[in-house]
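Take a look at the structure set out below.
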Amino acid sequence: MKTIKLALMISLCGTLTQLSAQTISTETDRFSTKNFRTWSIGAHGGVLTPYTIFRGAGNDYETPTENWGYGGYIKKQIIPAFGLQADFLAGHVEGIRQWDAVTSSYIANSSFKSHIEWSAALTANLTIANFSMNKENGYFSPYLKAGAGYMSSNAEVTNAPGSRGYSENWFVPVGAGFKIGIAKGVNLDFGYDVNFVKAADFDGLNSGRYDNFSYGHAGLEFAIGNSNNPQLIHYSPIADLRKRTAAESEELRRALSTAEQNAARDREQYAKDMGDDDGDGVANKFDKCPNTPSGTVIDGSGCPMTGPREIVREKIVVTEADRKIVDEAIKNLEFDLGKATIRSTSYATLNRVAQLLVDKNFSLKLAGHTDNTGSMALNMRLSKERAESVKAYLVSQGANASRIEATGYGPTQPIASNKTAEGRQKNRRVEFTLY
């Protein structure tokens with residue numbers, strides 16, 4: 001028996017020590033126990049009686065007698081809804097008027113008293129709910145508990161047959177209760193436990209069925225750890241979720257407001273960049289000489305021409321070879337996704353178009369087009385910017401800006417159906433027209 005008692009106590013201590021080293025949080029969890037107090041100790045006192053809600057008055061003795069009991073526990077809260085605790089209990093269980101099966105009557109002046117010298121149990125504690133909708137740390141927590149334990153008891157029988165004497169047995173405690181927080185880290189603990197003893201003669205009479213007794217108690221629980229941290233058992237996930245949701249909604253509103261401000265700023269900047277304040281035919285974004293006087297002859301960058309102006313032009317003849325150069329440039333023209341930035345793979349064929357414009361003094365119309373994906377405003381802007389981007393590149397290679405017209409039509413002039421991926425790809429284009 002001493003070996004069994006020692007093994008039980010070592011098992012309880014080992015289990016609780018192992019739990020102290022565990023953490024339920026991971027890198028991706030939003031909830032962590034590190035900011036809570038998870039260990040606590042408690043002490044309680046109450047009434048022990050052989051009368052229980054499961055057996056009522058149908059015990060081996062007609063009349064239960066109430067006696068004082070006392071105990072305590074050490075608890076580790078694993079998560080808000082679940083914890084393990086080591087329980088300890090002592091006291092007396094007493095009843096009078098033993099049932100005599102031979103005469104089918106109760107024996108007058110008979111009684112028993114079982115002394116619970118000590119008991120130890122490991123119980124699982126399930127917190128049913130934390131009734132707090134607005135505070136993430138509530139103050140009322142009902143719970144259920146169940147476990148297994150071992151006890152040492154000694155039954156004394158008076159004026160009745162049967163006497164068990166000193167014995168040790170396993171028992172199963174189950175119970176319910178609730179805790180009320182009265183201060184940070186201090187709780188009132190009210191509970192009712194029924195203990196099922198694995199012995200038919202716990203009360204000194206072997207009636208052939210296991211005995212049980214109940215324990216109604218009240219006590220205090222004290223959290224252990226940093227006094228600035230709340231107790232994990234009072235954590236309310238519902239209230240915390242409401243708090244987090246409100247914070248995320250506020251952050252989303254701020255992000256949307258910022259996005260709207262950025263969009264308005266971009267629209268204003270686009271209008272400024274694509275405008276032509278000096279009316280020289282070169283957009284502000286690409287005009288290296290702003291505020292050019294009206295009537296000034298300019299080069300491709302918007303600056304006044306320094307050389308002689310060509311007045312007489314020969315008749316413009318566009319050959320098949322010229323068109324082939326332009327067609328190759330169109331087929332090879334690529335932009336970054338959703339932007340007007342020309343990819344470097346398109347430079348070679350665009351260079352040939354620029355050289356053609358310089359050599360033959362051609363004029364060129366650039367027409368940007370998109371599919372119907374996205375808003376009309378976005379597509380009109382993108383098509384215009386892409387046409388202007390091609391113009392700017394050709395000008396940078398020596399072409400005359402005044403002979404290049406850049407226009408954006410957005411999705412208004414499709415050449416294929418926008419209902420298919422192939423059709424939408426064909427509609428995303430920049431057309432070159434030599435004249």
Side-chain angles (χ1 to χ4, degrees), residues 1 4-16 19 38-54 64-77 83-95 113-127 141-156 166-182 185-199 202-203 211-224 231 233:
M1 290 301 180
I4 294 174
K5 288 190 290 183
L6 179 61
L8 176 63
M9 297 305 296
I10 292 174
S11 175
L12 290 174
C13 294
T15 301
L16 293 173
L19 289 173
T38 59
W39 284 96
S40 60
I41 58 174
H44 47 72
V47 176
L48 288 166
T49 174
Y51 183 93
T52 72
I53 60 173
F54 298 100
T65 301
E66 290 73 24
N67 278 286
W68 289 107
Y70 57 93
Y73 59 85
I74 302 173
K75 182 180 179 183
K76 169 66 176 180
Q77 196 73 24
L84 289 178
Q85 65 185 51
D87 285 302
F88 307 94
L89 177 65
H92 305 286
V93 180
E94 186 176 359
K113 177 181 287 189
S114 293
H115 305 270
I116 303 174
E117 297 178 352
W118 61 265
S119 70
L122 180 64
T123 59
N125 191 301
L126 178 65
T127 303
S141 304
Y143 63 85
L144 299 174
K145 59 182 289 190
Y150 200 76
M151 72 163 58
S152 171
S153 63
N154 183 17
E156 299 176 359
Y166 175 83
S167 182
E168 295 181 352
N169 280 292
W170 291 97
F171 71 101
V172 175
V174 297
F178 59 90
K179 295 182 180 181
I180 300 175
I182 57 175
V186 181
N187 303 311
L188 289 176
D189 186 5
F190 299 92
Y192 176 79
D193 303 335
V194 176
N195 300 276
F196 298 88
V197 185
K198 192 179 180 183
F202 171 76
D203 57 5
D211 290 323
N212 54 55
F213 63 93
S214 64
Y215 176 50
H217 57 86
L220 288 173
E221 180 185 54
F222 301 91
I224 301 173
Q231 196 173 357
I233 191 175

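Reckoned from all heavy atoms, side chains included, excluding hydrogens, waters and symmetry mates.
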Taking the six-membered ring for Trp, are His44 and Tyr73 parallel (under 30°), tilted (30 to 60°) or perpendicular (over 60°)? parallel
Drop me the distance from Glu168's CD to Trp118's CH2, to the nearest 0.5 angstrom. 5.0 Å
To the nearest 0.5 angstrom, please state how far the CG atom of Leu48 sits from the NE2 atom of His217. 10.0 Å
Set of ring pair (Phe, Tyr, Trp, His ring centres under 6.0 Å) partners for Phe190, sequence neighbours left out: Phe178
Can you name the residues that form a side chain to side chain donor-acceptor pair (under 3.5 Å) with Asn187, not counting sequence neighbours? Glu221, Gln231, His234
Using ring pair (Phe, Tyr, Trp, His ring centres under 6.0 Å) as the criterion, list what pairs up with Phe213, not counting sequence neighbours. Phe202
Kindly say whether Ala199 contributes a backbone atom to a donor-acceptor pair with the side chain of Asn169 at under 3.5 angstrom? no
Supply the atom-to-atom distance Asp189 CG to Ser141 OG, rounded to the nearest 0.5 angstrom. 10.5 Å
For the student: nearest non-hydrogen atoms of Asn195 and Pro173, plus distance: OD1-CB, 3.3 Å
Mind checking what makes ring pair (Phe, Tyr, Trp, His ring centres under 6.0 Å) contact with Tyr143, not counting sequence neighbours? none
Would you find a donor on one side and an acceptor on the other, under 3.5 Å apart, between the side chain of Thr49 and the backbone of Pro64? no
Do the non-hydrogen side-chain atoms of Tyr70 and Phe88 ever get within less than 4.5 Å of each other? no
Closest non-hydrogen contact found for Ser214 with Tyr192 is CB-OH, 3.3 Å
Asn125, Thr123, Asp87 screened by side-chain contact (heavy atoms from CB on, under 4.5 Å) with Lys75, the one that passes: Asn125
Ala223 and Ser40 have their tightest heavy-atom pair at CA-CB, 4.0 Å
Leu84 and Ala124 have their tightest heavy-atom pair at CD2-CA, 3.7 Å
Measuring from Met151:CE to Ser167:OG, what's the distance to the nearest 0.5 Å? 10.5 Å
Min side-chain heavy-atom separation Asn212-Phe171 under 4.5 Å: no
Salt bridge (charged side-chain N to carboxylate O under 4.0 Å, His left out) partners of residues 39-52, not counting sequence neighbours, each pair once: none
Thr127 side, atom OG1; Gln77 side, atom CD - distance, nearest 0.5 Å: 5.0 Å
Straight-line distance of Leu126 CG to Lys145 NZ, nearest 0.5 Å: 13.0 Å
So do the side chains of His115 and Tyr166 get within less than 4.5 Å of each other, counting heavy atoms only? no
For Thr65, enumerate each residue passing the side-chain contact (heavy atoms from CB on, under 4.5 Å) test, keeping only those at least two apart in sequence or located in another chain. Asn67, Glu94, Ile96
A side-chain contact here means heavy atoms from C-beta on lying under 4.5 Å apart; do Phe196 and Val174 qualify? yes
